[in-house]
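First up is the structure itself, then whatever we jot down about it.
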Amino acid sequence: MSTPNDKKFSFEIKKSAENSLARVGTISTPHGDIQTPAFIPVGTKATVKSVLPGAMKDLGSQALLANAYHLYLQPGPDVLDEAGGLAKFMNWPGPTFTDSGGFQVLSLGVGFKKVLAMDAKTFRSDQVIAGNKERLAHVDDDGVTFKSHLDGSMHRFSAEVSMQIQHKIGADIIFAFDECTTLHNTRPYQELAMERTYDWAIRCLDEHKRLTDVRSDKPYQALFGVIQGAQYEDLRKKAAHDLGTMSSSGIEFDGFGIGGALDKGSLGTIVGWVNSTLPENKPKHLLGIGAPEDLFVGVENGVDTFDCVLASRIARSSAVYTMQGRFNVANAPYVRDFNPIDDECDCFTCTNFTRAYLCHLFRGKEMVAATLATIHNERFIVRLVDQMRQALLDGNFMDMKEEFLGRYKHRSGQSRD
RNA sequence: GGCGGGUUGCCCGAGCGGCCAAUGGGAGGGGACUGUAAAUCCCCCGGCUCUGCCUUCGAAGGUUCAAAUCCUUCACCCGCCA
């Protein structure tokens, strides 16, 4: 039987790069270790869509990240608690994370029915400022009121509620409840949101401490504070400083998440501000980032773990990664292409099936199309970050990065050139 | 043999004198997706020398300023009656 202190959370840095913030380390949790930098695939509702846990393990996933808001609505935190926690419930043999529901403040709030583009040029500020009557989430200083996207019922989240839910879900690493904003909220609004996030961070620490003491029979859960501040240097650094030094109820954050508005072009700069301000010896998780080129930027700016739905989401609509870039395997040129998706890939899909077969499955709307494409994309991303870790250990990260980016071209139809 | 219904762009299917190159679906072609309201969403989809022109709504002929829409004949399909 676990006791709160017998397998406590820890983070050990094994090697730091000389000319960047990049480092190699190990995060230890009650359910196992994570060698960092690492990509953590997302299984929002306690499953990576279309892929079984065993397959996720086989493709090299070290941990999975689920979502407190979604699991709260269905099946409910009590079910997860009775099941013995998230990992046991979904039969995942390793560490787990849960997001707090902070992202849903945005995605169901002002971001409702909007494309929350990472590219500042494709996101119009009036889309945010104009407001939106249909939105399902409304924020105030104390918390957020959600209208369930499943049945329309009303729900109230606060720092305390999010902690209570995440404690019942029982992931090894949980996140503080924050307000996620977009690239185009006004500066005064970003300041307001950041103040709330700061306020909620203290309340999360307090509630987390209380719940940890009450449930002393359960494995220790690590709490990560979330850094907001949008694109503003002073706000990001202030948030990083404040949360980095924050202590309440006698505890501090075990690690940090970097969230919110992150324009692709300034991703590295912003993450660099944050990570050079936060305490060096604690793990940093970059929330929601996972495009290949962005992962390099994150790693060299001190990010230890990433999570992102992109790999699995694009897989379900037939986009697949290769070392040369991504392409749509359901397109006409692949009907009779009997090569693997990527001949350099070692995944289950690439070692057993052809592009033509995947193309056929997608066109026939067969469910395994999503499974096979997701396995491939998740493997591609997990492996890419694994290769970054190895390159850092070998001292040739920059060469590895140059070589990859030199070959990898995201053949996007827009926003290029 | 008689009566009735039908034949529309790759497929299904609206339209029933002008606002019709012709509504919708599907298929097909392409794109997007970054703490998952997402097996979703968006765009294109007769041709061209493309703010206009040409050829299309079973075939041929006719009425009309104007026909996918009305009339005649023919071909094929589907019902019901003999």
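Letters A, B, ... mirror the listed sequences (proteins, then strands); counts begin at 1.
Judged by distance alone with a 3.5 Å cut-off, no donor-acceptor contact links the side chain of Ser107(A) to the base of U36(B). Contact of Glu179(A) with G35(B) (side chain to base): no donor-acceptor pair of N or O atoms is detected under 3.5 Å. Not a single donor-acceptor pair, N or O on each side, falls under 3.5 Å between the base of A38(B) and the side chain of Ser317(A).
Residue pairs satisfying the ring-ring contact (aromatic ring centres under 6.0 Å, His included) criterion with at least one member in residues 365-386 of chain A, sequence neighbours excluded, are listed as follows: Tyr321(A)-Phe380(A). Within the structure, side-chain hydrogen bond (donor to acceptor under 3.5 Å, both in side chains) pairs that include any residue of residues 298-307 of chain A comprise Arg23(A)-Asp304(A), His285(A)-Thr305(A), His285(A)-Asp307(A), Glu300(A)-Lys401(A) (at least two apart or interchain).
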Would you be so kind as to tabulate the donor-acceptor pairs closer than 3.5 Å made by side chains of residues 224-233 of chain A, with sequence neighbours excluded?
unit_1	atom_1	unit_2	atom_2	d
Gln228(A)	NE2	Asp178(A)	OD2	2.6
Gln231(A)	NE2	Leu183(A)	O	3.4
Glu233(A)	OE2	Lys237(A)	NZ	2.7

Please report, to 0.1 Å, the donor-acceptor pairs under 3.5 Å made by any side chain of residues 86-99 of chain A, with sequence neighbours excluded.
unit_1	atom_1	unit_2	atom_2	d
Trp92(A)	NE1	Gly94(A)	O	3.4
Trp92(A)	NE1	Pro95(A)	O	2.9
Thr98(A)	OG1	Gln166(A)	OE1	2.8

Could you go through residues 36-47 of chain A and list every donor-acceptor pair under 3.5 Å that involves a side-chain atom there, pairing it with any protein atom two or more places apart or in another chain?
unit_1	atom_1	unit_2	atom_2	d
Thr36(A)	OG1	Gly25(A)	N	3.1
Thr36(A)	OG1	Gly25(A)	O	3.2

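Applying the ring-ring contact (aromatic ring centres under 6.0 Å, His included) rule to His167(A) yields the partners His208(A); only residues at least two apart in sequence or on another chain are considered. Here Phe103(A) pairs with nothing under the ring-ring contact (aromatic ring centres under 6.0 Å, His included) rule; sequence neighbours left out.
Between U36(B) and Gln104(A), a contact under 4.0 Å exists linking OP1 or OP2 to a side-chain N or O. Arg363(A) has a side-chain polar atom (N or O) that falls below the 4.0 Å cut-off from OP1 or OP2 of G29(B). Note on Arg313(A): every side-chain N or O is 4.0 Å or more away from OP1 and OP2 of A32(B). Distances shorter than 4.0 Å separate none of the side-chain N or O atoms of Asn328(A) from OP1 or OP2 on G29(B).
Within residues 364-384 of chain A, the residues having any heavy atom under 4.0 Å from RNA chain B are, by residue number, Lys365(A), Met367(A). Proximity of residues 63-70 of chain A to RNA chain B (heavy atom under 4.0 angstrom from any strand atom) is restricted to Leu65(A), Asn67(A), His70(A).
A salt bridge between Arg389(A) and Asp386(A) is present, with a side-chain N of the basic residue lying under 4.0 Å from a carboxylate O of the acidic one.
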